[in-house]
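The structure that follows is given in the form of structure tokens.
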Amino acid sequence: MRMSHLFGRTLREAPADAEIPSHKLLVRAGFIRQLAAGIFTAMPLAKRSLTKLENIMREEMNAIGGQELTMPVVHPAELWQETGRWYQIGSEMGRFKDKNNRDMVLAMTHEEVVADLVRKEIHSYRQLPILIYHIQTKWRDDPRPRAGLIRVREFTMKDSYSLDATWEGLDKQYRAHYQAYFNIFHRSGLPVIAVKSDVGMMGGQMAHEFMYLTPIGEDTLLLCDDCGYSANRQIARFKKHILPTEPPLPIEKIATPEIKTIEDLANFLDIPKEKTAKAVFLIASITDNNETIDKFVFAIVRGDMDLNETKLTNALKAKELRPATEEEILAVGAVPGYASPVGLNDVLIVVDNIIPKSSNLVAGANEEGYHFRNVNYGRDYKADIVSDIVAAKEDDLCPVCGHPMHTIRGIEVGNIFKLGTKYSEALGCTFQDKDGKDKPVIMGSYGIGSGRLLASVAEEHHDEHGLIWPITVAPYQVHLIILPGKDKKEVQETAERLYQNIKEAGIEVLFDDRNESPGVKFNDADLIGNPLRVTVSQRSLNKNCVEFKRRDQKEKTMIPLEAIIPYLKKSITELEMEIKEKEVEVPFTD
RNA sequence: CGGGGUGUAGCGCAGAUGGAAGCGCGCCGCGUUUGGGACGCGGAGGUCGGCGGUUCAAGUCCGCCCACCCCGACCA
């Protein structure tokens with residue numbers, strides 16, 4: 001490709017609304033352009049890199065038996081109504097009506113379509129197992145797109161779906177994806193770890209997220225250095241510090257004027273925070289038989305811990321959870337700042353599972369300026385649900401080995417879910433098993449966003465001058481620069497010939513044939529970040545050489561003109577080997 | 001959806017107290033340059049986010065709306 005005709009120019013300055021390096025550099029280098037919040041065009045350079053990433057995914061999916069297909073982006077609403085997600089999912093779903101006034105859905109994901117296909121195509125255990133996948137555009141009207149390509153509304157995903165007759169079969173395909181995903185990320189030059197995660201809107205039994213660790217990540221992870229336990233904070237468990245049990249003392253009302261926070265309360269009474277109970281009020285939308293009702297939820301955690309809303313949502317099987325307003329709190333008879341579970345009716349009380357093991361706590365008295373001492377679970381109040389609903393934090397103890405854990409930020413670049421029979425049951429995907437009985441197909445779903453992956457690779461591989469693409473992802477393998485000098489003719493002809501020869505050798509080359517000054521050309525080459533650079537100039541040709549430089553190294557070397565093509569081939573192989581070495585087998589951790 | 005911020009040329013920005021829309025980079029033409037973002041001369045490019053109001057006069061003051069960014073809630 002000639003740079004003089006490349007669509008998409010480089011910018012000296014990044015637009016002011018770009019903040020993170022991958023966003024700034026991808027825009028400056030001409031890879032992406034923004035159309036609206038969370039909606040981007042992939043320019044020709046980005047398209048080439050995306051295609052490479054997607055081909056890596058294809059190879060790894062094919063290697064574990066995947067069959068590629070393409071499913072539609074627009075779905076009839078009926079399908080989503082059958083699984084109930086039409087009702088469960090809120091404004092994140094893109095909905096519109098077609099010309100006949102039929103409700104339509106923009107695909108957020110494709111479980112419904114897969115299940116629909118399966119019920120039409122799969123009738124016998126003899127047809128299973130199956131692995132299908134596609135690479136398709138999806139729309140999720142995220143309330144907050146941000147960080148360039150990291151979090152967008154329209155995106156392309158590699159999505160695979162496993163279909164099995166047995167749970168062992170699902171486990172096998174799940175584990176195959178686990179390793180295939182590590183292969184994909186390693187081949188893309190991206191270091192990742194797998195952590196256990198929440199199943200979210202997908203539902204199902206088990207999920208892992210593949211995390212690229214970076215301070216700009218939006219997810220917080222808990223890791224145990226000792227035994228390797230790793231989990232998203234949304235679901236991370238930990239060993240809770242159990243206080244010595246005391247005999248229950250009589251409940252006692254005490255004046256605590258102007259004391260509203262746990263901090264103040266602990267100071268005022270001169271007791272540790274873990275001797276207090278903290279109340280949090282929320283409104284949960286709970287769906288039952290496709291009918292959604294709002295329930296007032298009174299959650300109680302020990303004063304030294306914080307509520308984890310994901311855990312609470314899961315404990316409640318709620319669709320949505322939001323903080324209650326002051327009016328709503330007063331309406332149920334609770335007093336903000338002095339709230340107590342003692343003597344409240346008509347609310348759903350959820351307590352953390354450490355609370356029943358903690359005796360004689362201080363809690364609100366439901367009266368302005370007063371608290372109760374010696375509140376005991378069971379004697380003074382009861383809960384509708386007792387569950388683990390608190391968030392793990394730095395230095396909390398590992399639930400497996402008891403070692404203190406630490407927190408780290410990450411970007412979720414891929415996920416794998418054991419869906420089980422949720423969708424197949426809802427949509428009636430059954431097959432006839434050996435025993436002659438109809439059984440629901442057991443499903444798994446596995447996704448990787450290609451744009452997010454591209455941005456993560458850019459985030460991992462850049463310096464102050466620009467991008468430094470891994471050879472497997474780079475838009476072009478070679479960046480060829482011509483510096484014509486005073487007497488243009490010889491240099492020009494040599495560079496043109498070299499450009500043709502490189503192309504004919506099957507090497508991907510971007511040829512900077514523009515009439516620009518050397519500084520501009522070198523800077524653009526650094527910015528775009530193709531791995532190998534070749535410079536043809538009067539100076540080099542005087543020695544019958546061209547200059548060679550790797551983007552990831554400082555040294556420049558002079559290579560005889562006639563030797564440059566084999567040299568480039570050798571360098572490409574070297575770079576490919578460097579990536580290959582990072583491909584390793586990763587033990588499956590449950 | 002809550003909190004904060006920003007909208008003036010393709011990009012980055014300046015335009016106190018209302019009084020003729022500017023700068024740098026980029027772009028077009030001609031010439032000189034040519035190993036790390038060159039120089040001279042000449043040009044093109046704007047509904048100042050939108051609508052309404054105040055005023056003799058609004059980029060500037062007031063109101064409403066919209067878009068985009070950041071923090072949170074939420075999410076691949």
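Numbers restart at 1 for each chain; the letters A, B, ... are given by sequence-line order, proteins then strands.
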Looking only at side-chain atoms of A:R151, point me to the closest of B:C74, B:G35, B:C69.
-> B:C74
Between B:C75, B:G35, B:C68, which nucleotide has the shortest distance from any of its atoms to the side chain of A:E92?
-> B:C75
Roughly, in whole Å, what's the span from CE in A:M558 to C1' in B:G35?
-> 10 Å
Tell me whether B:A16 sits syn or anti, counting syn as a glycosidic angle within 90° of 0.
-> syn
Just compare B:G35, B:C13, B:U33 and give me whichever is closest to any side-chain atom of A:N515.
-> B:U33
What are the two closest heavy atoms between A:V457 and A:S188, and how far apart are they?
-> CG2-O, 3.5 Å
With rounding to whole Å, what would you report as the distance between B:G50 and B:U8 at their P atoms?
-> 10 Å
Pairing partner (Watson-Crick or G-U wobble, both distances under 3.5 angstrom) of B:C1 | B:G72
Atom-to-atom span, CG of A:L282 to P of B:A73 - whole angstrom = 13 Å
Of B:A38, B:G12, B:C27, the nucleotide closest to the side chain of A:V520 is B:A38
Tell me what A:R514 touches on the nucleic acid: a base, only sugar-phosphate, or nothing, going by heavy atoms under 4.0 Å.
-> nothing
Report the C-alpha distance between A:F281 and A:F298 in whole Å, list the side-chain angles of each, state the deciding distance to 0.1 Å, and finish with yes or no for ring-ring contact (aromatic ring centres under 6.0 Å, His included).
-> CA-CA 5 Å; A:F281 307 102; A:F298 191 133; 4.9 Å; yes
Any idea which of B:G37, B:C11, B:C69 is nearest the A:P15 side chain?
-> B:C11
How many Å lie between NZ on A:K521 and P on B:G36, as a whole number?
-> 13 Å
B:G22 and B:C27: how far apart are their P atoms, nearest whole angstrom?
-> 23 Å
When you match A:I150 and A:T535 each to their closest nucleotide on RNA chain B, which lands nearer the 5' end?
-> A:T535
Rounded distance in Å between the P positions of B:U17 and B:U60 = 11 Å
With a 4.0 Å cut-off on heavy atoms, is A:A147 in touch with a base, just the backbone sugar-phosphate, or nothing at all?
-> sugar-phosphate
Report yes or no: is there a donor-acceptor pair, N or O only, under 3.5 Å between the side chain of A:S517 and the base of B:G37?
-> no
Please examine the side chains of A:S22 and A:L149, heavy atoms only from C-beta on, and report whether any two atoms are closer than 4.5 Å.
-> no
Test item: side-chain donor near acceptor, A:R452 and A:Y212, under 3.5 Å | no
Examine the side chains of A:E54 and A:S450 and answer whether a donor and an acceptor come within less than 3.5 Å of each other.
-> yes
Among side-chain atoms of A:N55 and A:E59, is any donor-acceptor pair under 3.5 angstrom?
-> no
A:P143 side chain: which of B:G36, B:G12, B:A73 is closest?
-> B:A73
For B:G26, the Watson-Crick or wobble partner whose two distances fall under 3.5 Å | none
Given atom NZ of A:K489 and atom P of B:U34, what is their separation to the nearest angstrom?
-> 20 Å
Does the side chain of A:E111 pick up a donor-acceptor pair with the side chain of A:S445 at under 3.5 Å?
-> yes
How far does the C1' atom of B:U32 sit from the matching atom of B:C70, given to the nearest Å?
-> 47 Å
Opposite nucleotide pairing with B:A21, Watson-Crick or G-U, both atom distances under 3.5 Å | none
Under a 3.5 Å cut-off for both distances, is B:A38 Watson-Crick or wobble paired, and to whom?
-> B:U32
Re B:A44: Watson-Crick or G-U wobble partner, both distances kept under 3.5 Å, found to be none
Using atom CD of A:E218 as one end and atom C1' of B:C74 as the other, report the distance to the nearest whole Å.
-> 10 Å
Donor/acceptor link under 3.5 angstrom from A:R146 side chain onto base of B:C71 | no
Would a line drawn from the ring center of A:H208 to the ring center of A:Y178 be shorter than 6.0 Å?
-> yes
Which base, if any, makes a Watson-Crick or G-U wobble pair with B:G7, both distances under 3.5 Å?
-> B:C66
Taking a pair as Watson-Crick or G-U wobble with both distances under 3.5 Å, which nucleotide is matched to B:A14?
-> none
Tell me which nucleotide among B:G35, B:C69, B:G12 gets nearest to the side chain of A:E13.
-> B:G12
Would you mind classifying the nucleic acid contact of A:V152 as base, sugar-phosphate or nothing, using non-hydrogen atoms under 4.0 angstrom?
-> base
Under 4.0 Å between any heavy atoms, over every strand shown, what does A:A36 touch: base, sugar-phosphate, or nothing? Just pick one.
-> sugar-phosphate
Between CD1 of A:I32 and C1' of B:C11 the distance, given in whole Å, is 15 Å
Contact under 4.0 Å: A:R12 side-chain N or O vs B:G26 OP1/OP2 | yes
Send over the distance from A:L11 CG to B:C25 P, rounded to a whole Å.
-> 16 Å
Tell whether A:R28 reaches the base of B:G26 with its side chain through a donor-acceptor pair below 3.5 angstrom.
-> no
Toward the 5' end of RNA chain B, which comes first, A:R153 or A:R533, by nearest nucleotide?
-> A:R533
Integer angstrom distance from the P of B:G49 to that of B:G7 | 8 Å
Can you figure out which of B:G35, B:G36, B:C75 approaches the side chain of A:D142 most closely?
-> B:C75
Rounded distance in Å between the C1' positions of B:G5 and B:C51 = 23 Å
Please give, in whole Å, the distance from B:U34 C1' to A:R539 CZ?
-> 11 Å
Taking A:R550 as the fixed residue, which of A:L532, A:T557, A:I468 is the one that meets the side chain to side chain contact (heavy atoms under 4.5 Å, CB included) rule?
-> A:L532
If pairing means Watson-Crick or G-U wobble with both distances under 3.5 Å, then the partner of B:U60 is none
Between B:G26 and B:C41, how far apart are the P atoms? Round to whole Å, please.
-> 15 Å
Identify whether any heavy atom of A:S540 sits under 4.0 Å from a base atom; if not, whether one sits that close to sugar-phosphate; answer base, sugar-phosphate or nothing.
-> base
